[in-house]
*Asks:* 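Starting off with a structure, shown below.
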Number of protein chains: 2
Amino acid sequence: MARKTRTTNTPLDQTRIIQTALQLLDEIGLKELSMNKIANKLQVKTASLYYHIQDKDELMGLLADRISSSMEWPDSSLSWREQLGLWGESFRKVLLSHRDTVDLFNSSIASGYDRLKQVERLYALLSSVGFPDQQVPWVASILKNYVLGFVGEEVRLRLNAEQGAISNAELSERYNQYYSQLPSEEFPTVIRLASYTTNSDWAKEFEFGLNVLTEGLAVKLQ
Amino acid sequence: MARKTRTTNTPLDQTRIIQTALQLLDEIGLKELSMNKIANKLQVKTASLYYHIQDKDELMGLLADRISSSMEWPDSSLSWREQLGLWGESFRKVLLSHRDTVDLFNSSIASGYDRLKQVERLYALLSSVGFPDQQVPWVASILKNYVLGFVGEEVRLRLNAEQGAISNAELSERYNQYYSQLPSEEFPTVIRLASYTTNSDWAKEFEFGLNVLTEGLAVKLQ
DNA sequence: ACCTGAACACCGTTCAAGT
DNA sequence: ACCTGAACACCGTTCAAGT
């Protein structure tokens, strides 16, 4: 048997597990990310992970926390509209910095220190702007969900676009799937707008939506 | 061996599989829903399912489609604000009618006939209201994501509430988890608003958010 | 204190074979 | 045409045992 050339093993710990898991996440995606594969990459038996971590759920939470720790925050001297705009861009950027982050954020419930810190900052911002206490969590939730939802869809559609178009051609196939011979008059608007659903300027669309929210919030603030 | 009392097996087909899967979903939740368990409930071997269905992903898509088929649509004679309000309530109601629907909708990409039909109707509504073609898919996406995000959080928090409170007591534990001795001054706003993050009137909060969106959209329509 | 061997109870999917 | 037996390549998790 060949002796394994193993450069003196650094001892395992949470940080190293998280690091490796994050790297692997970007290589293979969330669906393929398994405890076995993480252990393998660390040149360690799977069971070893469980000495440093409770279970996969906890690890996912730590991953999400680690990712959200790199959020950048807008200068509080700016206007609240500008701050919200920059916050949104920053959050979106963080979510796009790794693969499948939206699913990761949605799956892990327990928020660690870093995610709580994000909440704290957003709450503080909204509170200082003048939203009544009861509405602050509501508004924060709206904003967070907007970004998560948007980026989730952005990533999905970008992937589809790479794999070669969901547009008109495939669209007409899709409803024949269920009802053998559907009149195309069933989906006039979808068909008419098909060209707009595919490629687009994501940054611009993101800004549009965030602006809708901001305008709506401004009304509430009056 | 006891003879199994099996009331003359109805032949398997997609509809029956979907029906059973949906039932099982409500009993055990999406995470526990497996091909094996579905087959079991149908008194059939797991492999049999694959004669009627391509894979689990397809089944999840069919499930989501089936669920969204029970959407009710507002009368088109109403004002657009009223229509959007009713649409939102209807969508939320549909999502709350089964367990883990938000995860289900987020996981299944391919939309079948019924989900496409929902898109068509929403597009048509927005288009008739006066949104320019390019913005119609954007606005539809914002609205859809709002409802999905809201209900997702609603379900998560309701579950936490049942299992006994995430409030102040446990909160202070949570950041000690990462930094051994955190001054509670790190999260003043979160702590101050803790009572508002827990229990609340969900319907009212939902309406609030939808109203923010509507107001923002009204600005865009001018 | 830290890691492993071995086992447990599962997954989703395929495919030749039976009826 | 419809279903199954048997196998494949995986999962996450536990726990007594080794060092």
Side-chain angles (χ1 to χ4, degrees), chain A residues 1 3-22 24-25 27-64 100 103-104 106-110 180, chain B residues 1 3-22 24-25 27-64 100 103-104 106-110 180:
Chain A
M1 302 226 181
R3 193 157 56 88
K4 280 202 192 146
T5 327
R6 236 199 239 182
T7 45
T8 50
N9 266 345
T10 333
L12 209 52
D13 62 358
Q14 275 207 9
T15 320
R16 232 157 70 76
I17 294 176
I18 294 171
Q19 229 169 5
T20 309
L22 200 52
L24 206 52
L25 173 68
E27 292 171 16
I28 63 180
L30 188 60
K31 279 210 115 179
E32 288 295 310
L33 186 66
S34 74
M35 299 302 271
N36 288 329
K37 287 175 186 163
I38 294 167
N40 223 316
K41 185 153 194 168
L42 284 160
Q43 285 179 295
V44 136
K45 298 300 158 193
T46 311
S48 311
L49 299 177
Y50 289 85
Y51 184 80
H52 303 276
I53 249 155
Q54 279 238 325
D55 51 22
K56 198 185 178 185
D57 269 0
E58 194 194 54
L59 180 54
M60 295 301 110
L62 291 168
L63 235 51
D100 295 338
D103 292 325
L104 186 66
N106 279 332
S107 74
S108 57
I109 322 103
S180 51
Chain B
M1 300 225 183
R3 193 157 56 84
K4 282 199 190 148
T5 326
R6 236 199 239 180
T7 45
T8 53
N9 266 345
T10 332
L12 209 52
D13 62 0
Q14 275 207 8
T15 320
R16 231 157 70 77
I17 294 175
I18 295 171
Q19 228 170 6
T20 309
L22 201 52
L24 207 52
L25 173 68
E27 291 171 16
I28 63 180
L30 188 60
K31 280 211 114 180
E32 288 295 311
L33 186 66
S34 75
M35 299 302 271
N36 289 327
K37 287 176 187 162
I38 294 168
N40 223 313
K41 184 152 195 168
L42 284 161
Q43 285 181 295
V44 137
K45 298 299 157 194
T46 310
S48 311
L49 299 178
Y50 289 85
Y51 183 80
H52 302 276
I53 249 155
Q54 279 237 326
D55 52 22
K56 198 186 179 184
D57 269 1
E58 194 194 53
L59 180 53
M60 295 301 111
L62 291 169
L63 236 51
D100 296 338
D103 293 325
L104 185 67
N106 279 333
S107 74
S108 58
I109 321 103
S180 50

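In the text below, chain A, chain B and the rest are named by the order of the sequence lines, each starting its count at 1. No hydrogens, no waters, no symmetry mates; every other heavy atom, side chains included, goes into these values.
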*Asks:* Looking only at atom P, what distance separates dA9(C) and dA9(D), rounded to whole Å?
*Replies:* 22 Å
*Asks:* Taking only the side-chain heavy atoms of V44(B) (C-beta and beyond), determine which of dT4(D), dA1(D), dC3(C) contains the nearest atom.
*Replies:* dT4(D)
*Asks:* What distance do K37(B) atom NZ and L24(B) atom CG have between them, rounded to the nearest 0.5 Å?
*Replies:* 7.5 Å
*Asks:* Nearest whole angstrom, please: distance from the P of dA9(D) to the CD of E32(A).
*Replies:* 16 Å
*Asks:* For residues I53(B) and L62(B), determine if any side-chain heavy atom of one lies less than 4.5 Å from a side-chain heavy atom of the other.
*Replies:* yes
*Asks:* Is there a side-chain contact between L59(B) and I38(B), using heavy atoms and a 4.5 Å cut-off?
*Replies:* yes
*Asks:* For K45(B) and dG5(D), give me the distance from atom NZ to atom P, rounded to whole Å.
*Replies:* 5 Å
*Asks:* Specify the separation, in whole Å, of atom CG of L42(B) and atom C1' of dC2(D).
*Replies:* 14 Å
*Asks:* Is H52(A) close enough to dC3(C) that one of its side-chain N or O atoms is under 4.0 Å from OP1 or OP2 there?
*Replies:* yes
*Asks:* Got Q14(A) and I17(A) here, is their nearest side-chain heavy-atom distance under 4.5 Å?
*Replies:* no
*Asks:* Would you confirm whether E32(B), through its side chain, and I28(B), through its main-chain N or O, come within 3.5 Å as a donor-acceptor pair?
*Replies:* no
*Asks:* Within less than 4.0 Å of OP1 or OP2 of dC2(C), is there a side-chain N or O belonging to Y51(A)?
*Replies:* yes
*Asks:* Could you provide the dot-bracket string of DNA chain D, using ( ) for intrastrand pairs, [ ] for crossing pairs and | for bases paired to another strand, with Watson-Crick or G-U pairs below 3.5 Å?
*Replies:* ||.|||||...|||||.||
*Asks:* At their closest point, which heavy atom of L12(B) faces which heavy atom of H52(B), and how far apart are they?
*Replies:* O-CE1, 3.0 Å
*Asks:* Could you tell me the separation between the CG atom of N40(A) and the OG atom of S34(A), rounded to the nearest 0.5 Å?
*Replies:* 8.5 Å
*Asks:* Within a strict 4.5 Å, meaning less than it, do heavy atoms of the K31(B) and D103(B) side chains meet?
*Replies:* no
*Asks:* Given atom CD of Q14(B) and atom P of dC2(D), what is their separation to the nearest angstrom?
*Replies:* 12 Å
*Asks:* Using the C1' atom as the point on both nucleotides, what is the distance between dA17(D) and dC2(C), in whole Å?
*Replies:* 13 Å
*Asks:* Specify the separation, in whole Å, of atom CG of N40(B) and atom P of dA9(C).
*Replies:* 16 Å
*Asks:* Using a 4.0 Å heavy-atom cut-off, write out nucleotides 12-19 of chain C from 5' to 3' as B (base contacted by protein), S (sugar-phosphate only) or - (no contact).
*Replies:* SBBB----
*Asks:* Surrounding NZ of K41(A) (heavy atoms of other residues, nucleotides or ligands, distance under 6.0 Å), is the total greater than 12?
*Replies:* yes
*Asks:* Distance check needed: dC3(C) P versus I53(A) CD1, whole Å only.
*Replies:* 12 Å
